[in-house]
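See structure below.
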Amino acid sequence: MLGAIKRELFEGIRVAVGDAGYDRDVEPSTVELEDFDDEEKGEFSSAVSFAIAADAGANPMAVAEEIADRHREAGLPDGIASVSVENGHINYHLDVDQMALRTLSTIDAEGAAYGTRDRDDPDRIVADVSSPNIAKPLHVGHLRNTILSDALMNVLEARGHDVTRDNHLGDWGTQFGNLLHEYVEFGDETAFEDDPIAHLLELYQQFEQRDSMLEDVEEFDAVTDAFGEAVAEERAFHVDDGKEWFARLERGDEQAVERWERFREASIERFKRVYAELGVDFDLWLGESFYAREGWNDRVVEKALDEDVAMRGPDDSVFIPIYADEYGEAGDPSTAAVDASLDRARELLDEAGSVADADFDAFYIVKSDGSTVYGTRDLATIEYRVSELGADQSVYVVASEQNRYFQQLFVAARKMGYDDVHLEHIDYGMISLPEGSMSTRGGQIVTVREVLDAARERARDIVAEKGRDVAEEGIDTIARKIALATVKYGMVASNRGKDITFDIDEAVSLEGDTGPYVQYATTRAYSILDAAETVPDVEGVDPAAFNDTDHNLLHHLGRYPLVLGRCEERYDAAPLARYLLELAHVFNSFYHKNRVLDAEDAAAERLVLTDATAQVFENGLGLLGIDTLAEM
RNA sequence: GGGCGUGUGGCCUAGCGGAUAGGGCGAGAGGUUCCUAACCUCUCGAUCGCGGGUUCGAAUCCCGCCACGCCCGCCA
C-alpha cells in the first residue's frame, strides 16, 4: 500500500517535472519513505529539485516549489493529503486517517498473507543450503548458514517464488577415501555404533594430524637417509591408500560403497535430529555423491569437451581456462560476457609452456587420475537443476572464503552455455573463535549442540526467574523457543558479509537487541488480546481516535511489505530482522504511553491496532523461523 | 605479490548519494496501586580508519595509503 503510493508519487513527480518545463529523468529512488514522527519531512520526500536546480542554475527551493505546485495541480495520489517544501526538499504528508483505516483493513483481510505477494511467473529457485560434510559434527558455521538460508528462502517464498532447498551434502571426494582407509586400519565398531560422528571425526583428525606431522618430519633434514625414506614411505602408504579407497568408491566397489553408505546414513540421521530441533526442513538431500553416482559428472565433462570449452592437459586432466578479465558479473545472464573459445588459452599456453605457468586460471573438472573435483560436481549440479528441475535461479549459500571459487564456477558455467539461469552466490562472513579461527581438523570448533545447550540453559534460568505464571512443565518448552529466538535472531540480524568472532556468552544473551525482545513485545500484545473478550470489527474503527503514538505504530505496520521487497532484492533477511526489532521498540513505546483496554475513547481502535501488530510480528518472526509465545 | 571484503561513540552495530549519523551494551538519573519492568523515559558519549577527488550535496561513489580478515590446491 505504501509501496503503491510510493510508485504513484514517483510517476506524479516525473510528470510534474515535465510540466514545470524541465527535461530530466527521474529515478524511482528519488521518492524516499520517511519516519512518521517527522513533521517537516512528511512521510515521503524527494530531493529531485537539487539536481534539476544544479542543471538549470536555478534555486533549489524555487524549483521544489514549482514541482510541488505542478504536482498539486495534477492531483496527488489517493492517501496523500498535502505536499510542502522545506529546505529544497519536496515533502508529502499522508492522510493519516485514511491510511490508518487502509492499513488496518489490509492486515485484517490478508492476515497471515500480509506482506506476501503472488507472481504470474515466479522464478523456480534451487538453493544449496546448510551443506555440511558428513562424518563431521555441525558447527557454528553450519548454524549460521542454516539459519541464514532458512530465513532467506522463507522470504523468497513469501515474495512469490518457487523455492527448492537442497541440502547439498559434502559426501564425496578424496577425504572420504582417507576416512575409509583410516576406518579400515583403526576403526572400532563399538565406538562407531555408540556415536558415529564422534568416532569418524576422531579418525579424520587422526589421519590429518598424522599426515601433517609426517610432512613436518619429511621437511626436516632426516637424521639418516633410511629414516627419511621410512617417513616418506609411511606417509605415502596412508595417502595413497586413501586415494585408492576414493577411487574404489567412484568405481562402485562394493566394500567401499557399503561402508561409505553407513557413514552417510549415520551422519544424516544425526543431522536430522539437530535440524528438527532448529525447526528447519529441506526439499532435497542430493549431496555431491548424487552427481557422481547418477552419471551427471560424466555428462557434464562430455558436454564441456564436445562444446570445446574445456581442454585436455598433457596428462588426462580436463580443465576450462578462465581469463583474468572474465571475473565480474557472471552470475547475471544479462551482463555476462565470456570468451568461450580455446584460442586464447592455446596461445597463452604456447607462450608459457605449461598449464601452471600460463596466464589463465585452470578450472579443473577431471584430475589426471581420472577422478572428479568439486568443480565438476558443481557444474553437474547446474546441469541437473536446469535440465531436470527447470531452475531459473541456482543459488549458493556458502561462506565468503569461497568467493573466488564461485566466480570461477559462474564463468565456467557461462562458457558451457547455461545462459538462462541466474547464478547467485550468497556469501557470508567467516566465524572465528576468540581463540582464533575454527578448525575441524585441529579440533577447535564450537558445535551447534553446544550453542543450543548453552542458549537453552540460559533461557531456562531467565524464565524460571522472570517468567510470569509459567507452569513448571511449560518452562522447558518456553525456554527452548526463547533460546532459538536468541540464536536465530543473532545470526540473521548481523550483516551477512561481516566476519563474526563467536563468543558463546554474547550469542546467548537475552538482553537488548535480541530475538526475545521481539518475542516479549509480541507476548505483551497477546496478553492484551487475551484480556479483551473479542477484537472489534475493523469497520467500526474511528480513525480520529488515534494519537501520534498510534499513527507511528500504524506507519511501521504499513512498511512491512516494503521491507520484504528489500530483503528479496538483496537476498538477505537481515532487513526483516532489524525491522521487527524497530517494530518492537515502537510497540513497547506505544504500550507505555497508551492504555488499550481501558482507554477512554480509543479502546476499540487500539485493540484492532494491537491485533494487527501481533499479526505482523507473527508473519515476520515466522519467516525468521522464530516462534511467538503466549506467555514468557 | 595479486584478488575479494571489512574499518562508524569505551565495546557491538544500523544506514551505503540527500535535510540534525539510528540502535544496543556499558555509565548516570528517573519511572510499576494500572493490559507481563525480559519494558519505558531522559542524560553522557562519534574528526563515520587516514589523505585526495567527483557532486548542488559524500559515512555512502572514485583514486591512493594504513590496519585487519579471507582466497590465490588436479582439497571442499
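Below, read A as the first sequence line, B as the second, and so on, with proteins coming before strands; counting in each chain starts at 1.
The stretch residues 45-53 of chain A touches RNA chain B through A:Ser45, A:Ala47, A:Phe50, A:Ala51, each having a heavy atom within less than 4.0 Å of the strand.
Using the Watson-Crick or G-U wobble rule with both distances under 3.5 Å, B:U6 pairs with B:A67. Summarising the base pairing, B:G30 is matched to B:C40 through a Watson-Crick or G-U wobble pair whose two defining distances lie under 3.5 Å. Figure legend. B:C61 is base-paired to B:G53; pairs are counted as Watson-Crick or G-U wobble with both atom distances under 3.5 Å. B:C11 and B:G24 make up a base pair, with Watson-Crick or G-U wobble contacts both under 3.5 Å. Both distances falling under 3.5 Å, in either a Watson-Crick or a G-U wobble arrangement, place B:G1 opposite B:C72.
Atom CG in A:Leu576 sits about 16 Å away from atom P in B:A14, given to the nearest Å. The interatomic distance linking A:Tyr520 (OH) with B:C35 (P) rounds to 11 Å, in whole Å. For the pair A:Glu631 CD and B:A38 C1', the interatomic distance rounds to 14 Å; values are reported in whole Å. The nearest whole Å value for the distance from the CD1 atom in A:Ile426 to the P atom in B:G5 is 17 Å. Distance, A:Asn145 CG to B:A76 C1': 14 Å, rounded to whole Å. Atom CG in A:Asn588 sits roughly 18 Å away from atom P in B:U32 (whole-Å rounding). Rounded to an integer number of Å, the gap from NE2 of A:His592 to P of B:C42 is 13 Å. Rounded to whole Å, the distance from CD on A:Glu600 to C1' on B:C34 is 13 Å.
The base of B:A76 lies outside donor-acceptor range of the side chain of A:Asp171, with no N or O pair under 3.5 Å.
The number of heavy-atom neighbours closer than 6.0 Å to NZ of A:Lys243, taken from other residues, nucleotides and ligands shown, is 12 or below.
Among the atoms of the strands shown, base atoms are found under 4.0 Å from some heavy atom of A:Val463. Heavy atoms of A:Asn403 sit under 4.0 angstrom from primed sugar atoms or phosphate atoms, though from no base atom. Among the protein residues, A:Ala630 comes within range of the nucleic acid bases, having at least one heavy atom under 4.0 Å from a base atom. If you check every strand for non-hydrogen atoms under 4.0 Å, A:Asn91 touches a base. Within the nucleic acid shown, A:Glu506 has no heavy atom closer than 4.0 Å to any nucleic acid atom. Looking at heavy-atom distances under 4.0 Å, A:Asn594 makes contact with a base. As judged by a 4.0 angstrom heavy-atom cut-off over every strand, A:Ile365 is placed among residues making no nucleic acid contact. At the heavy-atom level, A:Phe319 lies nowhere under 4.0 Å from the strands shown.
Summary of the strand contacts: A:Leu510 and A:Phe590 both lie near RNA chain B, and taking for each the nucleotide with the nearest heavy atom, the more 5' one is attributed to A:Phe590. Where A:Tyr591 and A:Ile90 meet RNA chain B, the nucleotide closest to each residue was compared, and A:Ile90 sits on the side nearer the 5' end.
Between A:Lys498 and B:G7 there is a side-chain polar atom (N or O) within less than 4.0 angstrom of OP1 or OP2. Taking only side-chain nitrogens and oxygens, A:Asn495 never comes nearer than 4.0 Å to OP1 or OP2 of B:U6. Distances shown here put a side-chain N or O of A:Arg566 below 4.0 Å from the OP1 or OP2 atom of B:C16. Taking 4.0 angstrom as the limit, A:Tyr517 places a side-chain polar atom (N or O) nearer than this to OP1 or OP2 of B:C40. For the pair A:Ser589 and B:U41, the criterion of a side-chain N or O lying under 4.0 Å from OP1 or OP2 is met.
Annotation: B:U43 and B:G22 have their P atoms spaced 12 Å apart (nearest Å). Separation of the C1' atoms belonging to B:G5 and B:G45 is 30 Å when rounded to the nearest angstrom. Only the C1' atoms considered, B:C48 is 28 Å distant from B:U41, to the nearest whole Å. Comparing B:U55 with B:C61, their C1' atoms are spaced 10 Å from each other, to the whole Å. The gap from the P atom of B:G17 to that of B:G1 amounts to 32 Å, rounded to the nearest Å. If you take atom P in B:G69 and the same atom in B:G52, they sit 28 Å apart, rounded to whole Å. If you take atom C1' in B:U47 and the same atom in B:G9, they sit 12 Å apart, rounded to whole Å. Straight-line distance between the P atoms of B:G53 and B:C72: roughly 39 Å, to the nearest whole Å.
Taking the ring centre of A:Phe44 as origin, the terminal cationic atom of A:Lys6 falls outside the region bounded by 6.0 Å and 45° from the ring axis.
Side-chain contact, A:Asn588 with A:Arg524: a donor N or O sits under 3.5 Å from an acceptor N or O. Side chains of A:Ser45 and A:Glu32: a donor-acceptor N/O pair is absent below 3.5 angstrom, by distance only. A:Thr30 and A:Ser46 share a side-chain donor-acceptor pair at under 3.5 Å. Using modelled atom types, one finds no donor on one side chain facing an acceptor on the other under 3.5 Å when comparing A:Glu631 with A:Tyr526. Donor-acceptor pairing under 3.5 Å is recorded for the side chains of A:Asn145 and A:Tyr428. Side-chain atoms of A:Ser317 and A:Ser368 form no donor-acceptor pair, as typed in the model, at a separation below 3.5 Å. A:His168 and A:Tyr396 are not linked by any side-chain donor-acceptor pair at a separation below 3.5 angstrom, with hydrogens and angles left out of the test.
For A:Trp172 and A:Trp260, the gap between ring centers is short of 6.0 Å.
A salt bridge links A:Asp427 and A:Arg496; the closest N-O separation between the charged side-chain nitrogens and carboxylate oxygens is under 4.0 Å. Taking a cutoff of 4.0 Å between a charged side-chain nitrogen and a carboxylate oxygen, A:Arg404 and A:Asp361 qualify as a salt bridge. Taking 4.0 Å as the cut-off between side-chain N and carboxylate O, A:Arg458 and A:Asp461 do not count as a salt-bridged pair.
Of the candidates B:G15, B:A19, B:U6, the closest approach to any side-chain atom of A:Arg570 belongs to B:G15.
Counting heavy atoms from C-beta on, the side chains of A:Tyr291 and A:Thr372 never come closer than 4.5 Å.
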Assess the residue pair A:Tyr374 and A:Tyr405 against the criterion (ring pair (Phe, Tyr, Trp, His ring centres under 6.0 Å)); give the C-alpha distance rounded to whole Å, side-chain angles, the decisive distance to 0.1 Å, and a yes or no.
CA-CA 10 Å; A:Tyr374 49 91; A:Tyr405 166 70; 4.9 Å; yes

Go through the steps to decide whether A:Met311 and A:Val318 satisfy the test side chain to side chain contact (heavy atoms under 4.5 Å, CB included), and finish with yes or no.
CA-CA 6 Å; A:Met311 61 197 292; A:Val318 178; over 6 Å; no

Output one line per pair: protein atom, nucleotide atom from nucleotides 22-26 of chain B, and distance, for all N/O pairs under 3.5 Å.
{"unit_1": "B:G23", "atom_1": "O2'", "unit_2": "A:Asp513", "atom_2": "OD1", "d": "3.4"}
{"unit_1": "B:G23", "atom_1": "O2'", "unit_2": "A:Asp513", "atom_2": "OD2", "d": "3.1"}
{"unit_1": "B:G24", "atom_1": "O4'", "unit_2": "A:Asp513", "atom_2": "OD1", "d": "3.3"}
{"unit_1": "B:G24", "atom_1": "O4'", "unit_2": "A:Asp513", "atom_2": "OD2", "d": "3.1"}
{"unit_1": "B:G24", "atom_1": "O2'", "unit_2": "A:Asp513", "atom_2": "N", "d": "3.4"}

Walk along nucleotides 68-75 of chain B from 5' to 3' and tag each nucleotide B, S or - by protein heavy-atom contact under 4.0 Å, base first, then sugar-phosphate.
-SSS--BB

